[in-house]
Amino acid sequence: MTIEFDAAVFRTPNAPLTIERVSLPSTPPPGDVLVRLKASGLCHSDFHVLAGEWGVPTPMILGHEGAGIVESVGEGVTTLAKGDHVVLSWTPSCRRCRYCISGRPVLCDMVSQHSANHLSFDGRSRITGADGKDVLSFAGVGTFGQYAMVPESGAIAIRDDAPFEQSALIGCAVTTGIGAAVNTAKVRPSDIVLVIGCGGVGLNAIQGARLVGARQIIAADISDEKLRQARVFGANDIINSAQENLAERIAQLTDGRGVEVAIEAIGLPQTIEAAYAALARGGTAVVAGQVADGMKITIDPFVMSDQELSLIGSNYGSSKPATDFPLLVEHYMHDRIDLDSLVTRVIALEEINEGFDEMKRGIGIRSVIKY
């Protein structure tokens, strides 16, 4: 038995996604769960694929930021049951490799072998197109269709009174941004924090720094509208780097010292280098933005050693999805973080290309598909 549904399928860069009829098994294989999606966010990582900046095999259902309800579970699944409300994780963990057991599940061996190649843990696709051929799921998730089949550890149960549109964003932007500040950078109350880029990830990095009580939060972007939003999410100072010299303004705001933590949330070589250059002695720059294929940066290694600077990456906010997702939902439900302001447009699946066009033009924060 199979389930048929509509999905937005990627076939070639710089072309609209096409709404196609696809199918998957109605009974999950051992260890998998079938989820009926209720909401999916449109993320800039998906746009990297659409714009041809990341090469992926095709055809593929994009989308990796989703929330829904468990429809059925495969043999051996013990932590989920039909009817559970879940947020999907694009780093499901095997719970056995050295990364998982040491508390770094986002680096799981199985993820690097299979999910990173847009496959399930058994190395196969679960989706079939109308022509009978396999259709891949982006990061092994594929939330631009109403159903997804994922490993048990790729669906994290949350409280069932949390709204799906807001919860979906925990599946990527919220966890990536807040985690970059809280988990990767380990921002302290004494720190001055700079966030470069005020899109979905950057705004959440700002509220992550606010959540842990950072002394001062500086936001930089080239859009006055995004900087206005940064104020809403907790920035104390804002810099339009298209109109002001970023380095000079940082020096003014920090009495010439620089910042203890700089989080880059765009994914451009020049902004990564700018984040690193803004550091005070002993500071840490965190790369949370995703760059296009082939990009390189240049830094001075003498300055790195002489001033004890750190330049580190942050994958999925260095999170532990099994515990962090429910915690972030609790933070939202108790008004400690703002997810409502992130959702600037709710759309139907058929409006997905319009949603990505608005993203390209810098309109809004997050468009969310409601199924």
Quick one: CZ on Arg366 to SG on Cys172, what's the gap to the nearest 0.5 Å?
6.5 Å

Per side-chain contact (heavy atoms from CB on, under 4.5 Å), Asn240 is matched among Asp221, Leu246, Leu227 by Leu227

Between the side chain of Tyr371 and the main-chain N/O of Gly145, is any donor-acceptor distance below 3.5 Å?
yes

Which atom pair, heavy atoms only, marks the closest approach of Ala280 to Glu260?
CB-OE2, 4.4 Å

Is there a donor-acceptor contact under 3.5 Å from the side chain of Asp300 to the main chain of Phe302?
yes

Flag the pair Arg215 and Asp191 as a salt bridge only when some basic side-chain nitrogen lies within less than 4.0 angstrom of an acidic carboxylate oxygen.
no

Check the pair Glu330, Arg336 against salt bridge (charged side-chain N to carboxylate O under 4.0 Å, His left out), reporting the backbone distance first and the verdict last.
CA-CA 8 Å; Glu330 290 297 323; Arg336 292 188 288 265; 5.5 Å; no

Provide the closest heavy-atom pair for Ser137 versus Ile127 in the form atom of the first, atom of the second, distance.
OG-CG1, 3.6 Å

Rounded at 0.5 Å granularity, tell me how far CD1 in Ile347 sits from CD1 in Ile369.
5.0 Å

Restricting to non-hydrogen atoms, name the atom on Val193 and the atom on Ala214 that form the minimum distance, rounded to 0.1 Å.
CG2-CB, 4.0 Å

Looking at side-chain heavy atoms only, is the closest gap between Val70 and Leu34 below 4.5 Å?
no

Which pair of heavy atoms, one from Asn183 and one from Ser319, lies closest together, and at what distance?
ND2-CA, 3.9 Å

Taking the side chain from Thr176 and the backbone from Gly317, do they hold a donor-acceptor pair closer than 3.5 Å?
no

One pair to check against side chain to side chain donor-acceptor pair (under 3.5 Å): Thr271 and Glu264. What are the steps and the verdict?
CA-CA 7 Å; Thr271 48; Glu264 197 278 350; 2.5 Å; yes

If you define the side chain from C-beta out and look only at heavy atoms, does anything of Ser40 sit under 4.5 Å from Val368?
no

Any side-chain donor-acceptor pair under 3.5 Å between Glu152 and Thr79?
yes

Test log, rule salt bridge (charged side-chain N to carboxylate O under 4.0 Å, His left out), inputs Glu20 and Arg11
CA-CA 11 Å; Glu20 302 180 20; Arg11 290 190 173 273; 2.8 Å; yes

Looking at Glu53, is its backbone amide N or carbonyl O close enough to the side chain of His48 to form a donor-acceptor pair, meaning the two atoms are under 3.5 Å apart?
no

When rounded to the nearest 0.5 angstrom, what is the spacing between CD1 in Ile217 and CG in Leu194?
11.0 Å

I would like to know whether Val111 and Tyr99 meet side chain to side chain contact (heavy atoms under 4.5 Å, CB included); could you show each step before the answer?
CA-CA 11 Å; Val111 172; Tyr99 294 108; over 6 Å; no

Are more than 12 heavy atoms, taken from residues, nucleotides or ligands other than Lys320, located less than 6.0 Å from that residue's NZ atom?
no

Go through the steps for Arg126 and Asp32 under the test salt bridge (charged side-chain N to carboxylate O under 4.0 Å, His left out), then give the verdict.
CA-CA 10 Å; Arg126 299 284 184 252; Asp32 276 12; 2.8 Å; yes

For the pair Asp46 (side chain) and Gly63 (backbone), establish whether a donor and an acceptor sit closer than 3.5 Å, ignoring hydrogens and angles.
yes

Taken to the nearest 0.5 Å, the spacing of Glu350 CD from Asp6 CG works out to 7.0 Å

Is the shortest side-chain heavy-atom distance between His118 and Pro57 below 4.5 Å?
yes

For His64, does its backbone N or O pair with a side-chain atom of Thr143 as donor and acceptor, under 3.5 Å?
yes

Trp90 ring center near Phe138 ring center (under 6.0 Å):
no

Step through the shown structure and confirm whether more than 12 heavy atoms of other residues, nucleotides or ligands are within 6.0 Å of CZ on Arg361.
yes

Does a side chain donor of either Gln166 or Asp340 reach within less than 3.5 Å of an acceptor in the other side chain?
yes

Does Thr18 reach the side chain of Phe10, with side-chain heavy atoms less than 4.5 Å apart?
no

Has the side chain of Ser318 got a donor or acceptor atom that lies under 3.5 Å from a matching backbone atom of Ser314?
no

Under 6.0 Å from the CD1 atom of Ile222, do we count more than 12 heavy atoms belonging to anything else shown?
no

Using 4.0 Å as the upper bound for N to carboxylate O, is an ion pair formed by Asp224 and Arg228?
no

Quick one about Ser341 and Asp338 (side-chain donor to acceptor, distance below 3.5 Å, no hydrogens or angles considered), yes or no?
yes

Working to the nearest 0.5 Å, report the span between CD of Glu273 and NZ of Lys296.
13.0 Å

Does the side chain of Ile352 reach to within under 4.5 Å of the side chain of Leu42, using non-hydrogen atoms?
yes

Arg95 CZ: over 12 foreign heavy atoms closer than 6.0 Å
yes

For the CZ atom on Arg104, are there more than 12 heavy atoms of other groups (residues, nucleotides or ligands in this structure) within a distance under 6.0 Å?
no

Say whether, by atom type as modelled, one donor and one acceptor occur between the side chain of Thr175 and the main chain of Ile170 under 3.5 angstrom.
yes

Verdict with supporting geometry, Ile196 and Ile263, side chain to side chain contact (heavy atoms under 4.5 Å, CB included)
CA-CA 6 Å; Ile196 300 180; Ile263 299 173; over 6 Å; no

Check for a donor-acceptor pair, side chain of Ser153 on one end and backbone N or O of Ser93 on the other, with a separation under 3.5 Å.
yes

Look at the rings of Phe47 and His44 and say which category their plane angle falls in: under 30° parallel, 30 to 60° tilted, over 60° perpendicular.
tilted

Does any part of the side chain of Ile297, heavy atoms only, come nearer than 4.5 Å to the side chain of Tyr276, both counted from C-beta?
no

Verify the distance criterion only: is there a donor paired with an acceptor across the side chains of Thr2 and Ser23 at less than 3.5 Å?
no

Hey, are Gln252 and Glu248 close enough side-chain-wise for a donor-acceptor pair under 3.5 Å?
no

Under 4.0 Å between a Lys/Arg side-chain N and an Asp/Glu carboxylate O for Glu165 and Lys38?
no

Taking NZ, NE, NH1 and NH2 as the nitrogens, is one of them in Arg249 or Asp237 under 4.0 Å from a carboxylate oxygen of the other?
no

Spatial distance of atom CE (Met359) from atom CZ (Arg345) [nearest 0.5 Å]:
12.0 Å

Could Arg159 and Asp161 be called an ion pair, given the rule that one side-chain N must be under 4.0 Å from one carboxylate O?
yes

Is the shortest distance from a Lys or Arg side-chain nitrogen in Glu351 or Lys370 to a carboxylate oxygen in the other one below 4.0 Å?
no

Heavy-atom pair with the smallest gap, counting every atom of Leu279 and Ala285:
CD1-N, 3.6 Å

Does His85 offer a backbone N or O that forms a donor-acceptor pair with the side chain of Asp160 under 3.5 Å?
no

Does Glu308, at its CD atom, have more than 12 non-hydrogen atoms belonging to other residues, nucleotides or ligands within less than 6.0 Å?
no

Residue pair Val35, Glu71: steps toward the side chain to side chain contact (heavy atoms under 4.5 Å, CB included) verdict:
CA-CA 5 Å; Val35 177; Glu71 191 84 356; over 6 Å; no

For Ser115 against Phe121, the heavy-atom pair lying closest together
OG-CE1, 3.7 Å

